[in-house]
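Since the model is a prediction, treat every value here as computed from it, not as a measurement. Just so you know, ligand 1 is whichever comes first in the structure, and atom 1 is the first atom listed for that ligand.
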Amino acid sequence: MAFTVSLTGKTAVITGSNSGIGLGIAWELARAGANIVLNSFTDRKEDHALADQISEETGVKARYIQADMSKGDECRGLIEKAGVCDILVNNAGIQHVAPIDQFPVNKWDAIIAINMNSAFHTTAVALPLMRAAGWGRVINIASAHGLTASPYKAAYIAAKHGVVGMTKTVALETAQEPITANAICPGYVLTPLVEAQIPDTMKEYDMSREDVVKNVMLTRQPSKEFATVEQMGGTTVYLCSDAAAQITGTTISVDGGWTAL
Ligand code: NAD
């Protein structure tokens with residue numbers, strides 16, 4: 001049997017998708033034929049314009065739904081408003097860096113809520129929709145920091161390890177259904193946010209762009225190359241394919257060898 005990837009007729013909800021990895025995933029899913037629901041906590045013209053652009057360029061239906069992933073009821077409301085959710089990509093995430101004895105409690109709470117709890121709320125509402133549709137994919141965007149640790153990132157690492165654990169449980173609860181649950185664990189990905197940090201770091205260390213990238217940012221990424229948002233999108237599309245139907249409850253690292261160290 002030859003495997004093909006056509007997601008025509010499926011609908012994907014991607015949390016935190018008005019920039020970076022989430023937006024890259026939305027584009028690749030749309031190129032594979034899936035209808036798209038974009039999300040973030042803002043409600044700007046530009047947010048809705050992104051959905052229009054995806055729709056115009058790929059021919060799928062795309063819309064933007066504002067919902068704050070730090071709030072459980074809004075996470076649930078996102079899936080309810082979408083009405084259909086064949087592919088759920090839990091991607092929304094934030095970061096804060098501080099030693100644990102100085103870690104601000106409000107930052108801890110926000111990271112745990114957005115990076116971990118939101119995936120519980122969206123999955124809880126999306127699974128019955130997937131069961132009704134007879135097919136589903138839960139794809140959680142964890143991190144190399146869902147498998148390893150670094151200092152000063154306690155909340156992020158706790159949340160991402162939590163997401164990896166929850167992914168395994170969802171996979172076991174759906175193991176005998178045509179639904180899979182997996183986590184993608186990116187290393188350092190070149191997003192606009194990361195790109196914007198390069199000039200300042202060049203100045204701070206008086207280094208070339210190449211040195212900043214290789215010796216400051218990518219110290220733990222053996223490939224010495226950033227992963228791209230398109231690669232995150234391609235991995236997501238693969239997990240939605242028939243070839244990946246027996247891949248469930250696991251993690252896929254896209255990290256240039258980080259977790260092999
Ligand atoms: P980003 O800042 O570009 O994207 C984060 C997205 O989450 C944005 O769309 C933002 O609007 C949204 N968001 C933030 N708070 C939200 C809230 N309260 N409600 C709804 N949406 C909210 O960053 P990114 O690098 O694209 O990160 C996306 C995901 O990938 C995150 O979960 C992050 O932890 C993970 N990740 C990123 C990297 C990397 O190197 N960039 C590496 C590993 C994992």
Side-chain angles (χ1 to χ4, degrees), residues 13-28 36-44 46-48 50-51 64-79 81 88-97 106-107 109-119 121-122 139-150 153 155-164 166-167 183-198 213 216-221 223 225-233 235-236 251-256 258-259:
V13 181
I14 307 111
T15 71
S17 47
N18 65 351
S19 78
I21 293 173
L23 185 57
I25 289 172
W27 272 106
E28 293 309 315
I36 299 297
V37 176
L38 295 179
N39 154 263
S40 186
F41 60 94
T42 50
D43 197 14
R44 307 165 304 177
E46 308 89 278
D47 297 323
H48 295 271
L50 285 171
Y64 177 86
I65 300 178
Q66 184 268 335
D68 185 344
M69 293 299 104
S70 71
K71 301 189 171 100
D73 56 343
E74 294 199 24
C75 298
R76 288 169 183 263
L78 168 65
I79 307 301
K81 280 181 196 156
L88 171 63
V89 183
N90 287 304
N91 168 78
I94 58 166
Q95 174 66 285
H96 185 81
V97 178
N106 64 339
K107 294 285 184 199
D109 289 344
I111 290 173
I112 298 296
I114 296 168
N115 297 21
M116 186 180 77
N117 294 350
S118 68
H121 293 295
T122 53
I139 297 164
N140 295 324
I141 307 306
S143 169
H145 280 130
L147 303 168
T148 64
S150 298
K153 296 182 177 173
Y156 187 86
I157 285 159
K160 295 296 187 182
H161 276 72
V163 162
V164 168
M166 183 166 36
T167 305
I184 296 175
C185 293
Y188 230 128
V189 183
L190 191 57
T191 59
L193 207 75
V194 173
E195 179 67 50
Q197 292 165 22
I198 297 177
V213 168
V216 180
M217 293 182 148
L218 297 178
T219 41
R220 293 182 68 185
Q221 200 144 309
S223 66
E225 283 184 30
F226 287 111
T228 66
V229 300
E230 290 79 10
Q231 289 162 353
M232 298 309 141
T235 306
T236 303
T251 58
I252 297 194
S253 292
V254 188
D255 65 1
W258 179 327
T259 42

Under the side-chain contact (heavy atoms from CB on, under 4.5 Å) rule, what do Asn90 and Val163 come out as? Steps first, then yes or no, please. CA-CA 9 Å; Asn90 287 304; Val163 162; over 6 Å; no
Looking only at distance, does Ser143 have an N or O less than 3.5 Å from an N or O of ligand 1? no
Which residue holds the protein heavy atom closest to atom 31 (C) of ligand 1, what is that atom called, and what is the gap in Å? Asn91 O, 3.2 Å
Looking at atom 9 (O) of ligand 1, what's its closest protein heavy atom, distance included? Asn18 OD1, 2.6 Å
Tell me whether ligand 1 is touched by Lys160 - counting only heavy atoms on the residue side and a distance under 4.0 Å. yes
Could you tell me the separation between the CG atom of Asn140 and the OG1 atom of Thr251, rounded to the nearest 0.5 Å? 11.5 Å
May I ask you to check if ligand 1 and Met69 share an N or O to N or O distance below 3.5 Å? yes
Under 4.0 Å from one or more heavy atoms of Ser70, ligand 1 contributes atoms 18 (N)
Residue portion contacting ligand 1 (non-hydrogen atoms closer than 4.0 Å) for Ser118: neither
Among all protein heavy atoms in this structure, tell me which lies nearest to atom 18 (N) of ligand 1, with the distance rounded to 0.1 Å. Asp68 OD1, 2.8 Å
Under a heavy-atom criterion of less than 4.0 Å, does Pro192 contact ligand 1? no
When rounded to the nearest 0.5 angstrom, what is the spacing between OG1 in Thr15 and CG in Leu78? 7.5 Å
Close-contact set for ligand 1 against Ser17 heavy atoms, below 4.0 Å: 9 (O)
Any donor-acceptor N/O pair, Lys107 side chain to Gln95 backbone, under 3.5 Å: no
Residue portion contacting ligand 1 (non-hydrogen atoms closer than 4.0 Å) for Ala227: neither
Compute the shortest N/O to N/O distance between Tyr188 and ligand 1 and return yes if it is under 3.5 Å, no if not. no
Polar contacts were defined as any N/O atom of the residue lying under 3.5 Å from an N/O atom of the ligand; does this apply to Gly16 and ligand 1? yes
Pick whichever of Ile25, Ile14, Ile21 has a heavy atom sitting closest to atom 30 (O) of ligand 1. Ile21
Nearest-neighbour protein heavy atom for atom 21 (N) of ligand 1, which is reported as residue plus atom name and distance: Ser40 OG, 3.5 Å
Atom 36 (N) of ligand 1: closest protein heavy atom, distance to 0.1 Å, is Tyr156 OH, 3.6 Å
Evaluate Ile114 for polar contact with ligand 1, using N/O atom pairs at a separation under 3.5 Å. no
Counting from 1 in the order shown, the ligand 1 atoms closer than 4.0 Å to a non-hydrogen atom of Ala67 are 19 (N), 20 (C)
Give the C-alpha distance, both sets of side-chain angles, the deciding distance and a yes or no for side-chain contact (heavy atoms from CB on, under 4.5 Å) between Leu38 and Asn18. CA-CA 7 Å; Leu38 295 179; Asn18 65 351; over 6 Å; no
The answer for which part of Thr191 has a heavy atom under 4.0 Å from ligand 1 is side chain
Would you kindly specify which portion of Ile94 sits under 4.0 Å from ligand 1, judged on non-hydrogen atoms: side chain, backbone, both or neither? side chain
Measure from atom 41 (N) of ligand 1 to the protein's non-hydrogen atoms and state whether any distance is below 4.0 Å. yes
Quick check against the 3.5 Å criterion: does Asn91 have a side-chain atom that pairs as donor or acceptor with the backbone of Gly16? yes
Which is closest to atom 5 (C) of ligand 1 in terms of heavy atoms, Ala142, Gly20, Gly93? Gly93
Find all atoms of ligand 1 within a distance of less than 4.0 Å from any non-hydrogen atom belonging to Gly187, and give their numbers and elements. 38 (C), 40 (O), 42 (C), 43 (C)
Just one of Gln231, Met217, Glu195 clears the side-chain contact (heavy atoms from CB on, under 4.5 Å) bar with Phe226, so which one? Met217
For His48, ring-ring contact (aromatic ring centres under 6.0 Å, His included) partners two or more places apart: Tyr64
Thr191 side chain near Val229 side chain, heavy-atom distance below 4.5 Å: yes
Nearest protein heavy atom to atom 3 (O) of ligand 1, by residue and atom, and its distance? Ser19 OG, 2.8 Å
Inspect the contact between Arg76 and Asp73 and indicate whether a charged nitrogen and a carboxylate oxygen are less than 4.0 angstrom apart. no
Do any N or O atoms from the side chain of Asp47 and from the backbone of Arg44 form a donor-acceptor pair under 3.5 angstrom? yes
At what distance is the nearest protein heavy atom to atom 2 (O) of ligand 1, and which residue and atom is it? Leu193 CD2, 3.9 Å
To which protein heavy atom is atom 16 (C) of ligand 1 closest, and what is the distance rounded to 0.1 Å? Phe41 CD2, 3.3 Å
Ligand 1 versus Ala144: contacting region, heavy-atom distance under 4.0 Å: neither
Evaluate the side-chain contact (heavy atoms from CB on, under 4.5 Å) criterion for residues Ile141 and Ile25: first the C-alpha distance (whole Å), next the side-chain angles of each, then the deciding distance (0.1 Å), finally the verdict. CA-CA 10 Å; Ile141 307 306; Ile25 289 172; 3.7 Å; yes
Can you confirm, on distance only, whether ligand 1 has an N/O atom lying under 3.5 Å from any N/O atom belonging to Val189? yes
Counting only N and O atoms by type, is there a donor-acceptor contact under 3.5 Å from the side chain of Gln221 to the main-chain atoms of Tyr188? yes
Under 3.5 Å donor-acceptor, Asn39 side chain and Ile14 backbone: no
Residues Thr259, Cys185; criterion side-chain contact (heavy atoms from CB on, under 4.5 Å); working and verdict: CA-CA 10 Å; Thr259 42; Cys185 293; over 6 Å; no
How many angstroms lie between OG in Ser143 and CD1 in Ile157, if you round to the nearest 0.5 Å? 7.5 Å
